[in-house]
Amino acid sequence: MADPAPLRLFHFSDIHFGLEDRRALDWAKLCIAGEDPAAVAITGDLTMRARSHEFAAACDWILGLEVPVTVEVGNHDLPYFNLFERFTDPYRRFRKIEGLIERKLELRQGTGGVAIVPLKTTARAQWRLNWSKGWVTKAALERTLGLIDALPAGTRVLVACHHPLVETGTRGTALTRGGQRALEALATRNVLAVLSGHVHDAFDLSHDTRFGPVRMIGAGTLSRRIRSTPPSFNELTITGREIGVKVRNLEAVPTPAMQIPEVPPDALPPRSADEPVAPVQAVPAEDPPVH
């Protein structure tokens, strides 16, 4: 029997409506329309400040993609200014795309299957001052493992979350609590990779755990909140247990220059504020102002 055709997915992250890059969004939508990927995974931060008009614009854009989509919640998507709503109904403004939030997607490929399974890394509150950082609670991890274990035998899994589960050597940091524990548990399942965003630069690396390595793939941003690389998204091509990763970006910077071959020895914070992650040298030194 001939090998099944490769399965192609697009991986977007950190769209940040409110500070979106319209040129990047239009380009990404044209790529979907012209190339028809099997699905799109969006790993969080649809908005800049979780305002109603930002969600309205984000939802309209997502609903216009016309392919299967799964969406993770990012730290920027929880209410910033309404603490009552943050604690009692934090997903209210997502209602227009409620069916896409933390959605498990099962995709066929030949006689096997590939599933995208959500892992929640955001928190309404934490026992630290910076609530924007990642946290994988025991309940969130158990839910993800339950979803994986309920899949048909042999299903290959991509786990989608917002925060990188451990530090990846990028200029932005995640400082995810419970991330190492989560990676160790995922290493015991049929997980091909963990997809994430948050740091606004692409990466692709293998992280060792006591139960074996886990691949971590991060997408850049489609917003104006760029760090060290231009606006971009990931094209993932799955053949058997292999995943090819191509970083697609507006500035036509070659993919190898957009990725980190391995975690540098000084990857854990603190890192110097001016240390680049890739030799692009084509982005501003700081974000556009937020009003």
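Every heavy atom of this structure was used, including side-chain atoms; hydrogens, water molecules and symmetry mates were not. Keep in mind that what you see is a predicted model, and the values were worked out from it rather than measured.
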Measure across [X] and [Y] and return the closest heavy-atom pair with its distance rounded to 0.1 Å.
X: Gly197; Y: Pro164; value: O-CD, 3.4 Å
X: Asp208; Y: Pro213; value: OD1-CB, 3.6 Å
X: Ala182; Y: Val136; value: CB-CG1, 4.1 Å
X: Thr209; Y: Ala187; value: OG1-CB, 3.6 Å
X: Asn190; Y: Thr155; value: ND2-O, 2.9 Å
X: Leu65; Y: Lys29; value: CD2-CG, 4.1 Å

- Take Leu236 and Phe10 through the side-chain contact (heavy atoms from CB on, under 4.5 Å) test and state the conclusion after the steps. CA-CA 6 Å; Leu236 310 179; Phe10 286 174; over 6 Å; no

Does the side chain of [X] pick up a donor-acceptor pair with the side chain of [Y] at under 3.5 Å?
X: Thr121; Y: His163; value: yes
X: Glu235; Y: His11; value: no
X: Asp14; Y: His198; value: no
X: Asp201; Y: Thr229; value: yes

[Y] side chain reached by [X] side chain, heavy atoms, under 4.5 Å:
X: Phe55; Y: Phe17; answer: no
X: Val157; Y: Leu151; answer: yes
X: Phe203; Y: Ile217; answer: no
X: Glu167; Y: Leu175; answer: yes
X: Ile15; Y: Leu25; answer: yes
X: Arg103; Y: Leu105; answer: yes
X: Leu9; Y: Pro37; answer: no
X: Val191; Y: Val117; answer: no

Between [X] and [Y], does any side-chain N to carboxylate O distance fall below 4.0 Å?
X: Lys120; Y: Glu72; value: no
X: Glu20; Y: Arg224; value: no
X: Glu54; Y: Arg51; value: yes

From [X] [atom1] over to [Y] [atom2], what is the distance, rounded to the nearest 0.5 angstrom?
X: His76; Y: Met48; atom1: NE2; atom2: CE; value: 5.0 Å
X: Thr122; Y: Trp135; atom1: OG1; atom2: CH2; value: 11.0 Å
X: Thr168; Y: Leu205; atom1: OG1; atom2: CG; value: 6.0 Å
X: Leu19; Y: Asp45; atom1: CG; atom2: CG; value: 12.0 Å
X: Thr144; Y: Glu102; atom1: OG1; atom2: CD; value: 8.5 Å
X: Thr70; Y: Ile62; atom1: OG1; atom2: CD1; value: 10.5 Å

- Taking only residues two or more places apart in sequence or in another chain, which ones pass side-chain hydrogen bond (donor to acceptor under 3.5 Å, both in side chains) with Glu66? none

- Task: Can you sort out the partners of Asp60 under side-chain hydrogen bond (donor to acceptor under 3.5 Å, both in side chains), two or more places apart, ordered by chain and number?
- Result: Lys96

Are any side-chain N or O atoms of [X] and backbone N or O atoms of [Y], one a donor and one an acceptor, separated by less than 3.5 Å?
X: His200; Y: Gly220; value: no
X: His162; Y: Thr43; value: yes
X: Asn234; Y: Gly218; value: yes
X: Arg225; Y: His16; value: no
X: Thr239; Y: Glu242; value: no

- side chain to side chain contact (heavy atoms under 4.5 Å, CB included) partner of Val159, the single match among Leu186, Leu165, Leu183, Leu145: Leu186

- Query: Which of parallel (below 30°), tilted (30 to 60°) and perpendicular (above 60°) describes Phe233 and Trp27?
  - Reply: tilted

- Message: Once salt bridge (charged side-chain N to carboxylate O under 4.0 Å, His left out) is applied, what residue pairs with a partner in residues 138-153 remain, sequence neighbours excluded?
- Response: Asp149-Arg189

- Message: One pair to check against side-chain contact (heavy atoms from CB on, under 4.5 Å): Asp204 and Ile243. What are the steps and the verdict?
- Response: CA-CA 11 Å; Asp204 179 10; Ile243 306 178; over 6 Å; no

